[in-house]
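Have a look at the structure below before the remarks.
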Amino acid sequence: MSKVEHKNQDRSVELLEQVQQALSTKTPLRLVGGNTKAFLGKAVQGQDLCLAGHEGVVDYDPAELVVTVRAGTSLQALEAVLNEQGQCLPFEPPVFEGKATVGGATACGLSGPRRPWAGALRDYVLGCRLISGMGTHMRFGGQVMKNVAGYDVSRLMVGAQGSLGVITEVSFKVLPRPRSRATLALDVTQSEVAGLLRAWRDQSRPITGAAWQNGRLHLRLEGGDSSVRLAQEQIGGDVLEVSYWDDLCEQRLAFFNQTGTLWRIALPVDAPVQTWPGEILVDWGGTQLWLKSNAPAEQIHAQARALHGHARCWSGSGAGQDELPESLLIWHQRLKQQLDPAAIFNPGRLFTSVESTCKHN
């Protein structure tokens, strides 16, 4: 069983000492990795705790499809190591010009266009090491996909945006890189998309991406050479460059450069097609909608709620200011109290409230 190990200076001892010092002085900490996703949450006032330098692959077993990596490692560097073995992170997180880190990606939980077919980042987290709000360095989960003590704690870190502790290492399940890929574009209406995707699913077509904009449905096919070739012949349409999906994931498409505020709207799979106040790009086969609009925030939130979905301002003056739904807010506050009782980690990032008696420098 082959193993690849990339050694680098382990800064976890320094990070632990910094956290313990902050606890003793009740100083809030602003966790910083690549600083590529600061727009996702509210501004944090505190002393920077930088994970730069805490990088490197701790352990990688290609045969077991498991990699353990330090939180300050760039996603781009990790993907390069995996690519050498013909493997990848199947949830394809955005790398944000190569600056995004493993810790930041885990904390924010962003997944790319493959998410509805391959699963979300949370589904591939096997375990993590965490500096807790009690000033201890703890390990949760393991390097196998099973329900062990603490396994759910690892998943709680996904999407918590650093508010529950300092992630120092993460173990991921990885998958083989698809042998063959193709991108097709077809002229269809938005209302036809759901029916077509259901039919192709029933026919076991190897679809791992479906995005619609302005009457054009983009499909990504991934798998074995013969299955991709057969699906391409039977579905038809125009053949495009596969780079379309990287440009969508990294928000480099022309759509994202249009004027107006960018909104990300999550919708249930059975949400009806509606007219939105602006230009839309539909991703994830219809369950994620990107909206460029100058409409009032209240209008967009109300329309999303009416569809049993959720709208989040992604750019502009309102970015990061959306409040959590009350049902989620209660659980976040309870978790914060249990895992970070002194409230020193990214205070105020997820919700505005008096979270502690920490002094702000």
Side-chain angles (χ1 to χ4, degrees), residues 92 94 111-118 180-223 228-296 299-304 306-316:
E92 56 181 344
S111 301
R114 198 183 288 119
R115 186 251 184 269
W117 294 271
S180 184
R181 304 174 69 192
T183 297
L184 307 177
L186 300 86
D187 293 325
V188 301
T189 64
Q190 186 183 358
S191 59
E192 294 176 302
V193 171
L196 288 171
L197 289 176
R198 282 195 297 270
W200 290 326
R201 180 197 61 199
D202 293 342
Q203 296 164 10
S204 299
R205 301 295 177 229
I207 295 173
T208 62
W212 181 94
Q213 182 195 4
N214 291 335
R216 294 278 279 179
L217 174 63
H218 294 78
L219 292 177
R220 177 169 58 186
L221 307 174
E222 291 183 321
V228 169
R229 183 170 57 251
L230 177 62
Q232 189 172 341
E233 292 172 354
Q234 295 184 340
I235 292 174
D238 301 325
V239 179
L240 302 181
E241 294 292 330
V242 295
S243 60
Y244 170 87
W245 302 100
D246 290 334
D247 292 338
L248 171 58
C249 184
E250 302 295 333
Q251 298 186 358
R252 294 192 297 253
L253 295 176
F255 167 85
F256 295 101
N257 294 325
Q258 298 179 85
T259 59
T261 298
L262 179 64
W263 290 82
R264 177 186 180 272
I265 300 169
L267 298 171
V269 293
D270 57 351
V273 173
Q274 287 193 356
T275 299
W276 291 82
E279 294 293 323
I280 62 169
L281 189 157
V282 182
D283 195 8
W284 292 3
T287 58
Q288 176 169 266
L289 185 148
W290 295 102
L291 170 68
K292 275 280 190 171
S293 176
N294 291 315
Q299 178 183 348
I300 295 172
H301 281 297
Q303 187 167 352
L307 295 171
H308 303 289
H310 175 72
R312 186 174 193 179
C313 185
W314 206 258
S315 72

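- The two residues Ala231 and Leu221 have their closest heavy-atom pair at CB-CD1, 3.9 Å.
- Contacts of Glu192 classified as side-chain hydrogen bond (donor to acceptor under 3.5 Å, both in side chains), with partners at least two apart in sequence or in another chain: Thr189.
- Considering all non-hydrogen atoms of both residues, Leu197 and Ala210 come closest at CD2-CB, 3.9 Å.
- Legend: residues meeting side chain to side chain contact (heavy atoms under 4.5 Å, CB included) with Thr275, ordered by chain and number and at least two apart, are absent.
- To the nearest 0.5 Å, atom CH2 of residue Trp290 and atom CZ of residue Phe256 are 6.0 Å apart.
- In this structure, the side chain to side chain contact (heavy atoms under 4.5 Å, CB included) partners of Ala302, at least two apart in sequence or on a different chain, are Arg305.
- Arg115 is linked by a side-chain hydrogen bond (donor to acceptor under 3.5 Å, both in side chains) to nothing, counting only residues two or more places apart in sequence or in another chain.
- Within the 4.5 Å cutoff, side-chain heavy atoms of His301 are placed close to those of Trp263.
- Residues passing the side chain to side chain contact (heavy atoms under 4.5 Å, CB included) test with Thr208, sequence neighbours excluded: Arg114, Arg220, Glu222.
- For the pair Cys249 and Gly112, the tightest heavy-atom approach, listed with the atom from each and the gap, is SG-CA, 4.0 Å.
- Closest approach of Gln232 to Ala182, counting heavy atoms only: OE1-CB, 3.6 Å.
- Scanning all heavy atoms of the two residues, the minimum distance from Asn294 to Gly260 falls at OD1-CA, 3.4 Å.
- Applying the salt bridge (Lys or Arg N to Asp or Glu O under 4.0 Å) rule to pairs touching residues 246-262 yields Asp247-Arg252, sequence neighbours excluded.
- For residues 233-243, every residue pair satisfying the salt bridge (Lys or Arg N to Asp or Glu O under 4.0 Å) rule, not counting sequence neighbours, is listed here: Arg216-Asp238.
- Using a 4.5 Å cut-off on side-chain heavy atoms (C-beta onward), Leu289 and Trp284 make no contact.
- Closest non-hydrogen pair, Ile300 versus Ser293, comes out as CD1-OG, 4.0 Å.
- Looking only at side-chain heavy atoms (C-beta outward), Ile280 and Ile265 stay at 4.5 Å or farther from each other.
- Residue pairs satisfying the ring pair (Phe, Tyr, Trp, His ring centres under 6.0 Å) criterion with at least one member in residues 189-223, sequence neighbours excluded, are listed as follows: His218-Tyr244.
- Scored by the side-chain hydrogen bond (donor to acceptor under 3.5 Å, both in side chains) test, Gln274 finds Gln303 as partners (sequence neighbours excluded).
- Between Leu248 and Leu281 there is a side-chain heavy-atom pair separated by less than 4.5 Å.
- Counting heavy atoms from C-beta on, the side chains of Val273 and Val193 never come closer than 4.5 Å.
- Considering only residues two or more places apart in sequence or on other chains, Trp245 meets the side-chain hydrogen bond (donor to acceptor under 3.5 Å, both in side chains) condition with Thr183.
- In this structure, Gln251 and Leu262 have side chains that are in contact, with non-hydrogen atoms separated by less than 4.5 Å.
- The closest side-chain heavy-atom distance from Leu217 to Val282 is not below 4.5 Å.
- With values rounded to the nearest 0.5 angstrom, Leu219 atom CG is found 5.0 Å from Ile207 atom CD1.
- Sorted by first and then second residue, the salt bridge (Lys or Arg N to Asp or Glu O under 4.0 Å) pairs involving residues 255-284 (not counting sequence neighbours) form an empty list.
- Here the side chains of Leu240 and Leu184 are not in contact, with every heavy-atom distance at 4.5 Å or above.
- Residues satisfying the side chain to side chain contact (heavy atoms under 4.5 Å, CB included) criterion with Ala194, sequence neighbours excluded, are Arg198.
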